[in-house]
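Comments concern the structure below.
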Amino acid sequence: MARYNHKITEAKWQKVWEDRGCFQVHEDPERPKYYVLEMFPYPSGRIHMGHVRNYTLGDVVARYKKARGFNVLHPMGWDAFGLPAENAAIENKVHPGKWTRENIAEMRRQLKSMGLSYDWTREFATCEPEYYRHEQKMFLDFLEAGLAYRKESLVNWDPVEKTVLANEQVVDGKGWRSGAVVEKRKLAQWNLKITAFAEELRGDLQELERWPDKVRIMQENWIGRSEGAYVWFPISGRDQGLQVYTTRPDTLFGASFCAVSANHPIALDLAGSSSELATFIAECNRMGTSEAAIETAEKLGFDTGLKARHPLVEDCQLPIYVANFVLMEYGTGAIFGCPGHDQRDLDFARKYGLNVVPVVAPQSAEPGAFEIADEAYVGDGTMVNSDFLDGLGVDEAKSAVIKRLEALGAGERAVNYRLRDWGVSRQRYWGCPIPVIHCDVCGVVPVPAEDLPVVLPEDVNLDEPGNPLARHAIWKHVDCPACGKPAERETDTFDTFFESSWYFARFASPQVDDIGFTKSAADYWLPVDQYIGGIEHAVLHLLYSRFFTRALRKCGYLDIDEPFAGLLTQGMVCHATYRDDDGNWLLPDTVVTNDQDALVHHQSGVGVTRGRSEKMSKSKKNVVDPEHIIKAYGADTARLFMLSDSPPDRDLDWTDSGVEGAWRYLNRLWRLVEGLDTGAAEALDLDALNLATLDVLRLAHKTIGSVSADLDRFHFNKAVARLRELTNGIDGLERAAPGAAPVRREAVGILVQLLAPILPHLAEEMWATMGHETLLAETPWPEANPVLIRDDTVTVAVQVNGKLRGTLELSKDCANADAEAAALALDAVTAAMDGKAARKIIIVPNRIVNIVT
RNA sequence: GCGGGCGUGGUGAAAUUGGUAAACACAAGGGACUUAAAAUCCCUCGGCCUUACGGCCUUGUCGGUUCAAGUCCGACCGCCCGCACCA
């Protein structure tokens with residue numbers, strides 16, 4: 001008996017599907033559409049197991065929905081701009097464009113070997129002008145709609161590389177590559193007004209019912225709506241006041257100090273005449289902006305000597321500090337501190353010897369006796385020491401104090417968001433040029449639509465630090481489109497999240513060149529019905545895309561609000577880690593077991609320690625190359641392994657034995673059709689079947705329902721288990737039994753159809769071997785015979801005092817009295833009741849009888 | 001520090017969402033076939049007690065609610081993920 005030859009079979013069907021254009025789709029208003037999309041990859045060079053998992057999940061959904069009659073759009077493309085290309089250019093002296101395009105070719109070849117049901121005619125790469133020209137136009141439309149603007153903002157500047165660094169590229173205050181001390185610099189940067197949609201982006205999260213709660217919570221926290229008030233504190237001896245934002249206006253009578261950010265105008269102003277303060281500000285700015293850096297930093301303040309006058313308490317003067325924990329980007333960059341009810345303010349007050357006055361007393365406290373020790377009281381309670389607020393609850397006090405402040409003109413109710421506008425300028429080469437021109441006379445001038453695209457020049461010199469566009473004299477110098485005088489192009493490029501914020505819409509009409517996508521195609525295909533990708537994009541990519549969709553709507557491109565109706569976030573692919581005695585990481589396939597059952601390196605023989613399973617990463621070398629697996633076992637085996645055992649949103653452990661198990665199952669399936677009687681078809685006669693044979697046929701039809709339900713809910717591991725059960729059932733058929741041959745043929749047929757989304761190549765081969773002349777990839781999903789899935793009897797558990805004492809086969813939906821009588825008649829039940837009478841009998845029809853004595 | 005999640009056999013997991021815990025696999029052990037191996041097939045496989053029939057226990061720990069708890073509630077322990085000192 002020949003073993004299943006995956007190499008020949010997989011290549012054969014991939015070619016058939018491609019030649020027939022099985023997966024090419026067109027808008028068809030007659031059919032329901034289904035758009036399934038996996039997050040497109042950055043072309044880093046080769047696919048990794050994370051890609052294999054992601055694309056397998058999407059492919060199962062796409063093939064299943066196609067079989068269910070949907071017009072399925074399932075595209076693939078390349079997120080092709082980004083920093084790795086520039087790094088590779090510097091390290092290997094290869095042009096970023098060449099490097100990127102070669103990587104795409106290699107990865108496309110690898111993806112094609114997986115047999116994924118993409119409509120490859122829709123493929124595009126975002127680094128090509130045919131793509132990015134449209135986002136240049138979108139940017140100009142945003143500019144006109146007031147959704148894009150330029151402002152000065154602080155960036156991490158690496159003085160050696162002459163470039164801006166992301167937070168994660170700053171390590172201990174130094175550039176990750178140059179090691180130079182990073183400076184905070186103010187640069188004029190382009191921003192998109194995502195905050196204009198803050199409330200909408202937050203509120204609409206509720207509508208995203210097919211998104212994981214986890215992601216919705218993360219986005220909600222990121223947007224960070226808070227309700228509070230602005231409060232104005234006059235500054236003694238100055239004309240200007242201090243505007244503060246607070247979420248606890250109720251604690252205003254407990255205020256003992258004010259504090260401003262190191263970058264607050266007041267701080268900068270005072271620093272001009274105080275070198276001490278200037279030094280303190282510089283120290284604050286040196287502190288990293290990453291959370292870890294701020295976390296470990298001690299809370300420090302610098303007394304400015306200025307006093308803020310309390311808006312509600314006559315003669316009350318609060319010292320104004322510059323403090324390292326106040327952020328310029330949030331609220332007004334200034335706070336009042338109430339140490340009694342904020343731990344950070346309490347720490348600060350103790351350090352600098354400031355008053356601590358409790359103004360909220362917990363319900364349990366003795367009136368007048370409540371004091372604050374080491375812990376601030378942040379709970380609800382009754383107002384004390386607070387003038388007209390005394391006796392009110394916290395919420396009432398908030399309203400009352402705001403009302404009073406508003407009446408006095410000393411404050412107002414306010415809603416604030418943590419969300420900041422999206423800075424899109426990058427001082428980098430390998431990105432989409434920002435289509436504006438800077439003219440000394442006219443200022444910022446948009447590139448006229450007819451001059452788009454602004455094409456990224458290919459002839460650049462990457463050997464020197466800094467952005468090569470800024471050194472490219474020919475490209476950079478142009479005439480002002482408005483006045484015709486010499487001017488300069490913007491040399492910044494877009495953040496690469498720009499490209500991925502609308503690519504899903506481009507797939508709807510990827511070939512049109514006068515616009516990013518046509519309205520009619522967007523109307524038909526969008527939103528994406530099911531989006532699948534990694535949890536690492538839970539906030540930024542998904543939030544930017546949600547914003548972009550709204551911005552495009554405002555500019556008339558489309559009519560939807562939400563780009564992704566359903567979201568599935570897959571878990572990581574993990575593998576055990578290995579290190580030798582010197583602590584060096586080792587590749588899994590260089591580790592073997594020796595005669596003494598010990599782990600050793602396959603060549604040197606030195607001892608190896610097996611570490612815990614972790615996310616596959618190059619740095620820990622615990623990687624398995626998908627291409628090796630596909631060559632050795634085939635794409636179907638890799639797919640099956642990815643889907644078996646673990647639910648998609650959980651982490652998956654890659655194991656060799658698991659792969660072997662998947663491969664054995666494939667061969668077992670293959671033997672199923674090899675041994676099939678495909679000759680003269682004996683008609684199926686239900687009445688002639690014995691019970692065991694009928695059960696297998698019934699199992700096959702029931703499996704249609706259970707597998708469908710599992711696939712609908714993305715419980716792929718359970719679907720695989722059901723298919724294994726059916727396989728076990730078919731294998732157990734007694735060949736000589738009457739009607740066994742036609743039952744076997746029908747059951748295998750159903751099995752093959754249900755396997756099709758998971759093991760497309762093998763299933764197609766089995767389908768053909770069974771004598772079908774149509775393609776399984778174009779065959780509708782099977783339908784269960786209602787007669788065969790109906791159950792006449794059910795197994796009911798019988799308990800005495802909650803303990804299982806036996807089971808009963810009862811006719812379905814039988815009377816409770818019958819169930820009760822049958823249960824009481826069981827020997828095990830009478831024994832367990834030990835002569836006692838039943839006090840109570842609980843019956844859940846078709847499920848359980850519980851006798852309580 | 002805050003927020004979210006998870007904890008079930010040697011391992012990955014399942015449990016119709018409060019109703020027979022451990023489906024389906026992996027690993028392990030035993031057997032059949034074979035000159036032998038591979039492949040394949042069959043059996044055993046949570047723990048303890050029992051020759052057997054069977055019994056008792058078991059879902060991180062301790063309590064609670066309920067006729068009934070892996071599932072709900074409270075406290076604790078452990079692990080993972082995310083983050084914003086957010087006023």
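Labels below follow one simple rule: chain letters A, B, ... track the order of the sequence lines, proteins then strands, and each chain is numbered from 1. Every value quoted in this text rests on a predicted model; they were computed, and no experiment measured them.
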Determine the interatomic distance between P on B/rU71 and the same-named atom on B/rG7; round to the nearest Å. 10 Å
What does B/rG78 pair with, Watson-Crick or G-U, if both distances are under 3.5 Å? B/rC6
OP1 or OP2 of B/rC86 under 4.0 Å from side-chain N/O of A/Tyr245: no
With syn defined as a glycosidic torsion within 90 degrees of 0 and anti otherwise, which applies to B/rG7? anti
Where the side chain of A/Lys840 is concerned, which of B/rC67, B/rU40, B/rC86 is the nearest nucleotide? B/rC67
Parallel, tilted or perpendicular: which fits the ring planes of A/Trp663 and A/His6, with parallel below 30° and perpendicular above 60°? perpendicular
Distance between P atoms of B/rU61 and B/rA52 (Å, rounded): 29 Å
A/Arg847 vs A/Arg805, nearer the 5' end of RNA chain B by closest nucleotide: A/Arg847
Expressed in whole Å, how much space separates the C1' atoms belonging to B/rC48 and B/rG12? 26 Å
Any luck finding a side-chain donor-acceptor pair between A/Glu809 and A/Thr795 under 3.5 Å? yes
When the C1' atoms of B/rA15 and B/rA23 are compared, how many Å lie between them, rounded to an integer? 8 Å
Whole-angstrom distance between B/rA25 and B/rG46, as gauged at atom P: 15 Å
Any strand is fair game: report the nucleotide pairing with B/rC86 by Watson-Crick or G-U wobble, both distances under 3.5 Å, or none. none
Between A/Ile750 and A/His701, is the side-chain contact (heavy atoms from CB on, under 4.5 Å) condition met? List the steps. CA-CA 8 Å; A/Ile750 288 170; A/His701 282 262; 3.7 Å; yes
Determine if the base of B/rU17 is syn or anti; take syn to mean the glycosidic torsion is within 90° of 0. syn
Sugar-phosphate, base or nothing in reach of A/Asn728, heavy atoms under 4.0 Å: sugar-phosphate
Quickly work out the A/Asn667 CG to B/rU40 P distance and round it to whole Å. 7 Å
Length of the NZ-C1' vector between A/Lys702 and B/rA23, whole Å: 15 Å
Protein-nucleotide distance (A/Leu669, atom CG; B/rU40, atom P), rounded to Å: 13 Å
Students often get this wrong, so: under 4.0 angstrom with heavy atoms, is A/Val539 touching a base, only sugar-phosphate, or nothing? nothing
Taking a pair to mean Watson-Crick or G-U wobble geometry with both distances below 3.5 Å, B/rU66 pairs with none
Between A/Phe641 and A/Trp654, does the ring centre distance come in under 6.0 Å? yes
Rounded interatomic separation in angstrom, taking CG from A/Asp731 and C1' from B/rC41: 10 Å
Polar contact flag, side-chain donor to acceptor under 3.5 angstrom, A/Thr853-A/Asn801: yes
Short side-chain to backbone donor-acceptor contact, A/Ser811 and A/Cys814, under 3.5 Å: no
Euclidean distance, atom CG of residue A/Leu810 to atom C1' of B/rU20 [Å, nearest integer]: 14 Å
Distance-only donor-acceptor check, side chains A/Thr195 and A/Asp421, under 3.5 Å: yes
Tell me what A/Arg216 touches on the nucleic acid: a base, only sugar-phosphate, or nothing, going by heavy atoms under 4.0 Å. nothing
What is the distance from CZ of A/Arg671 to C1' of B/rA39, rounded to the nearest Å? 8 Å
With sugar-phosphate meaning primed atoms plus P, OP1 and OP2, does A/Gln799 contact a base, only sugar-phosphate, or nothing at under 4.0 Å between heavy atoms? base
Does A/Arg248 have a side-chain nitrogen or oxygen under 4.0 Å from the phosphate oxygens OP1 or OP2 of B/rA87? no
Take atom P in B/rC72 and the same atom in B/rC79, then report the distance between them in whole Å. 23 Å
On a whole-Å scale, what distance lies between the C1' atoms belonging to B/rG64 and B/rG18? 16 Å
Which base, if any, makes a Watson-Crick or G-U wobble pair with B/rG12, both distances under 3.5 Å? B/rC24
Could you check A/Thr246 against A/Ala721 and say which one's nearest nucleotide on RNA chain B is further toward the 5' end? A/Ala721
Centroid-to-centroid, A/Tyr321 to A/Tyr352, below 6.0 Å? yes
Report which part of the nucleic acid A/Arg724 touches: base, sugar-phosphate, or nothing (heavy-atom distance under 4.0 Å, all strands). sugar-phosphate
Ion pair present between A/Arg344 and A/Asp347, side-chain N to carboxylate O less than 4.0 angstrom? no
Complement of B/rU51, any strand, by Watson-Crick or G-U distances under 3.5 angstrom: none
Find the partner of B/rU40: check Watson-Crick (N1-N3 plus N6-O4 or O6-N4) and G-U wobble (N1-O2, O6-N3) distances, both under 3.5 Å, and reply none if neither fits. B/rA32
What's the CG-C1' distance between A/Asp342 and B/rA84, to the nearest Å? 14 Å
A/Thr795 side chain, from C-beta outward: closest of B/rG4, B/rU20, B/rC41: B/rU20
Please classify the nucleic acid contact of A/Asn850 as base, sugar-phosphate, or nothing, using heavy-atom distances under 4.0 Å. base
Suppose you measure atom C1' in B/rA39 against the same atom in B/rC33; what distance do you get, rounded to whole Å? 11 Å
Distance check needed: B/rC81 C1' versus A/Asp649 CG, whole Å only. 13 Å
Where do N or O atoms of nucleotides 10-14 of chain B meet protein N or O atoms at under 3.5 Å, pair by pair?
residue: B/rG12; atom: O2'; partner: A/Ser646; partner atom: OG; Å: 3.1
residue: B/rG12; atom: N2; partner: A/Asp645; partner atom: OD1; Å: 2.7
residue: B/rA13; atom: O2'; partner: A/Asp645; partner atom: O; Å: 3.4
residue: B/rA14; atom: OP1; partner: A/Asn717; partner atom: ND2; Å: 3.3
residue: B/rA14; atom: OP2; partner: A/Arg650; partner atom: NH2; Å: 3.3

Walk me through whether A/Asn622 and A/Tyr578 qualify under side-chain contact (heavy atoms from CB on, under 4.5 Å). CA-CA 7 Å; A/Asn622 59 337; A/Tyr578 299 98; over 6 Å; no
Return the residues of residues 221-231 of chain A meeting this criterion: a heavy atom under 4.0 Å from some atom of RNA chain B. Order them by number, or give none. A/Asn221, A/Trp222, A/Gly224, A/Ser226
Report the C-alpha separation of A/Ile842 and A/Gln799 in whole Å, then their side-chain angles, then the decisive distance to 0.1 Å, and conclude whether the side-chain contact (heavy atoms from CB on, under 4.5 Å) test is met. CA-CA 10 Å; A/Ile842 288 124; A/Gln799 297 178 337; over 6 Å; no
Test side chain to side chain donor-acceptor pair (under 3.5 Å) applied to A/Ser644 and A/Tyr665, step by step: CA-CA 11 Å; A/Ser644 307; A/Tyr665 179 56; over 6 Å; no
Check: A/Met572 main-chain N/O paired with A/Asp651 side-chain donor or acceptor under 3.5 Å: yes
What's the closest nucleotide to the A/Leu327 side chain, out of B/rC24, B/rC67, B/rC86? B/rC86
Look at all strands and tell whether A/Val852 reaches a base, only sugar-phosphate, or nothing, counting heavy atoms closer than 4.0 Å. sugar-phosphate
